[in-house]
Each structure stands twice: as C-alpha cells, then as structure tokens.
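For reference, the structure is listed below as structure tokens.
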Amino acid sequence: MKIETLPKEFEEARPIMQTIEAAGFEAYFVGGSVRDTLLHKEIHDVDIATSAYPEEVKALFHKTVDTGIEHGTVMILDHGIGYETTTFRTESTYQDYRRPDSVTFVRSLKEDLKRRDFTINALAMRENGEIIDLFAGLDDLNNGIIKAVGNPEERFNEDALRMMRAVRFASQLNFKIEVETEKAITNHAELLEKIAVERIQVEFIKMLLGQEPAVGLVSFVETGLFQYCPDFKDAQSALESMIKIADLRLPNEATAWGLICHLLNFSSPQTSQFLKNWKTSNQMIESVLKTTKALNAILENRVDNWMLYQTGRTELINAINLAQQLFAATDEAGLLTQYDNLQIKSKKELALTGKDLMTAGVKPGPQMGQILAEVERKVVENELTNSNDVLTEYVRNRK
Ligand SMILES: Nc1ccn([C@@H]2O[C@H](COP(=O)(O)OP(=O)(O)OP(=O)(O)O)[C@@H](O)[C@H]2O)c(=O)n1
Ligand SMILES: [Mg+2]
C-alpha cells in the first residue's frame with residue numbers, strides 16, 4: 001500500500017530521509033504519525049527510525065543534538081524544524097516493568113517493530129509513502145482493533161504503562177481491544193503499581209478526553225486496571241455511572257476530574273487530596289474545585305452572583321457542561337448572561353482603591369482589607385454601583 005499525498009509534516013522531512021538513504025542506510029517514518037495519517041487524523045510530530053547508528057546519523061548532518069543518545073535518539077536540526085531519529089533497537093530485559101535494562105541497536109526494521117506495543121503502532125512508512133506492514137497492523141486499523149504485537153504478556157511485562165495506552169487508544173480511536181490482549185491486561189493489571197503516577201495520569205486523561213471515553217472506561221473497569229490507580233479502590237460504581245452517561249464528552253481536563261469527583265461524592269478537601277494523589281498541578285486543583293462547587297450550586301438551584309463571581313467564566317462553562325450531561329435541563333444562556341452582567345469580574349475592576357480609603361479617612365491596617373471585601377461583595381451583589389463616587393460616598397457614610 002502506498003499513500004499518494006503525504007501530509008506536509010512528512011513532505012518536509014523527506015530530504016532528511018533521502019540523505020540517510022543516500023548514505024546506504026534505511027529510514028522510515030514510524031509510530032503515531034503513520035497510524036494517524038492512515039486514519040485521516042491530524043498529526044503532530046513525525047518520528048523517524050533508521051538502521052544508521054547514532055554516530056553514523058550525526059556524521060551525515062551539520063546540526064544535531066543528542067536528545068537521547070543512549071537510547072539511540074538524535075535530533076537533526078539541518079532543516080529548521082527538529083526531527084527525532086532513533087536507531088532500530090531491541091530492548092533486552094526489563095526488570096522493573098518500565099525501563100529496559102539495556103538497549104541493543106540493530107540493523108533490522110523487523111526487530112525494531114516487533115518490540116513495539118500494538119500492531120497499529122508498528123507500521124512503518126518509506127519516504128515515498130509506501131507502507132511497510134509486517135504485523136498485520138493495516139487489517140487491525142481497518143477493523144478497529146488494538147492488538148499487541150506478538151505475545152501480549154511479553155509486551156506488558158516490558159512496559160506496564162502499555163496497558164493504560166490500550167484503554168486510551170480504545171477511547172481516542174473508538175477501537176476494540178483484541179481478546180488475548182485484553183486477557184493479558186486483566187492478568188497483569190497489578191503491574192501498573194510499578195509505574196509512576198504522572199505517567200498513568202497522562203494516559204488516563206487522554207482516555208477521558210478521547211472521542212469515546214465510555215469505550216475506554218469499560219475496559220479500564222473490566223480489566224481491573226482502575227484498582228491500581230490512586231484512590232480508585234472503591235471507585236467501581238462511580239466509574240460505572242460515568243460509563244452509563246449517554247454520549248459522554250469531556251471537553252477539558254478540569255471537567256473530567258470534576259465529573260469524577262462529583263460521582264465519587266467528594267467534599268472539597270477530599271477533591272484536593274484525590275487530585276494531589278494523582279499528581280495534578282495546583283492550578284488544576286483550583287480549577288476543579290471551582291468547577292465542582294459551581295456544579296453543586298447549579299444542581300441545587302442556588303446560583304447567585306457571589307458564587308458566579310468566585311467561579312469565573314471558564315469554570316462556569318465546565319460546570320454547565322457537566323450539569324447538562326448529568327441532568328439535561330440547565331439554563332446555559334441564562335447563567336452565562338447573569339455572569340456576563342456582573343459589574344466586576346475580579347477585584348482589580350473594583351472602582352475603589354486603598355488610596356481612596358485613606359483619602360476617606362480610613363487608617364491603614366486590617367480594617368482596610370475588610371472594607372474593600374465588603375464593598376467588593378456589595379458590588380457583585382448589585383447593592384452598590386461600581387463607580388468611584390458611589391463607593392467613596394458609601395465608605396464615608398459607613399457606621
Ligand atoms: N510504551 C510504549 C510507548 C511507545 N511505543 C512505540 O513508540 C511509538 C511512539 O510513542 P508515543 O509517541 O508515546 O505514542 P504514539 O503512538 O505516537 O501516540 P501519540 O499520538 O499519543 O503520540 C508508538 O507508536 C509505539 O510504536 C511503544 O511501543 N511502547
Ligand atoms: Mg507520538
């Protein structure tokens with residue numbers, strides 16, 4: 001099979017491939033970019049695999065950087081954009097389920113492809129668009145199947161994160177995990193405990209933000225993988241309720257975490273601790289807390305200006321989105337209009353400063369902050385107009 005019109009990302013890399021081949025080596029595009037091109041999806045970065053050893057690659061180009069030379073990866077910078085080129089390799093023994101003990105460079109493409117995770121990720125493409133399919137990856141791609149290359153047990157023993165990759169691809173591509181591959185995940189799910197939470201989190205979020213999160217989630221639950229993720233021991237029924245939400249679509253990470261914490265019935269402190277255990281950023285924790293607080297307010301019909309003000313527009317949209325997916329009837333336009341009509345969206349917009357307070361005779365000290373907070377709240381609640389005259393007048397006549 002040959003792809004006639006290549007996306008520009010490949011076209012731009014062709015001179016590099018041609019240089020390597022002119023020197024008598026082989027070079028192929030490999031990995032996600034080949035898979036996604038065949039699926040007519042957008043691609044981000046192209047990866048190149050070559051029979052040339054790292055020193056041989058470096059000798060062929062003017063500008064290179066050793067980005068991961070011990071694994072065989074060299075970045076070629078001759079054409080502006082950097083291209084990561086990795087020497088064909090086999091990874092001999094894996095003792096800790098995440099990192100090969102040693103990498104052996106080889107000259108054969110087949111040796112390189114056979115240690116890759118799934119058949120759809122083990123396709124290679126020549127610079128002219130010709131597809132090399134040594135493990136029936138094209139059939140699996142056409143039939144929507146995620147199948148380990150060779151023996152699935154071996155693939156997951158080499159790198160336990162691949163089990164999470166399986167469920168995330170299932171969601172992203174709306175593919176089915178092949179029976180033997182799924183069995184091997186069920187049998188080895190506990191190996192996930194060896195993997196750093198940060199890496200699990202990346203795959204988990206990609207799964208939730210994929211086109212069919214429920215498809216990935218079903219396998220995530222059925223294989224038992226969920227039990228080896230932070231704080232998910234007792235989460236089976238919450239995850240199952242998530243699967244049951246019709247046409248579940250999660251637009252961003254905070255919405256995804258917000259839904260999970262809502263279904264787990266977490267308080268704010270429990271939500272913070274849960275997200276810390278998943279190693280999310282503090283900024284993410286803030287955003288999820290705002291989202292879940294707003295969601296509860298919407299569901300309990302107690303939305304007011306102060307709540308909207310504290311939430312902010314981004315998290316309000318997250319909360320409306322979740323409320324709609326959970327209970328359909330939510331007055332999205334009404335809530336957004338109420339937010340947009342707030343006189344101020346942040347403290348900075350308050351038409352009164354500390355300096356104004358001093359002019360009005362307030363002594364510097366904690367009282368100043370209290371007065372500003374009081375005025376801020378009254379403006380948000382429309383008890384005062386946000387103009388300097390009105391607010392100064394209010395402060396003067398206070399008490
Ligand atoms: N645990 C892993 C990670 C990666 N790979 C191989 O390395 C390629 C590139 O890895 P990566 O960029 O992590 O994944 P992609 O498949 O490219 O997916 P994405 O679009 O998310 O980058 C994969 O296609 C696969 O061939 C693997 O075999 N095992
Ligand atoms: Mg990739």
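Counting begins at 1 with the first residue of the sequence. Start at 1 and go down the list; that is how both ligands and their atoms are numbered. Keep in mind it's a predicted model, so treat the numbers as computed, not measured.
Among protein residues, Gly31, Gly32, Arg35, Asp36, His44, Arg116, Asp117, Asn121, Asp159, Arg162, Arg165, Arg168, Phe169, Lys206 come within 4.0 Å of ligand 1, judged on heavy atoms.
A ring-centre distance under 6.0 Å is found for Phe274 and Phe266. A centroid separation of 6.0 Å or more is found between the aromatic rings of Phe25 and Tyr53.
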Please list every donor-acceptor pair under 3.5 Å in which a side-chain atom of residues 148-156 meets a protein atom from a residue at least two apart or in another chain.
residue	atom	partner	partner atom	Å
Asn151	OD1	Glu153	N	2.9
Glu153	OE1	His188	NE2	3.4
Arg155	NE	Glu158	OE1	3.0
Arg155	NH1	Val149	O	2.8
Arg155	NH2	Glu158	OE2	2.8

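Residues in residues 354-376 take part in these salt bridge (charged side-chain N to carboxylate O under 4.0 Å, His left out) pairs, two or more places apart or across chains: Lys347-Glu376, Glu374-Arg398.
With hydrogens and angles ignored, the 3.5 Å screen pairs a side-chain donor or acceptor of Asn388 with a backbone N or O of Ala351.
In this structure, Glu349 has no side chain to side chain donor-acceptor pair (under 3.5 Å) partners at least two apart in sequence or on a different chain.
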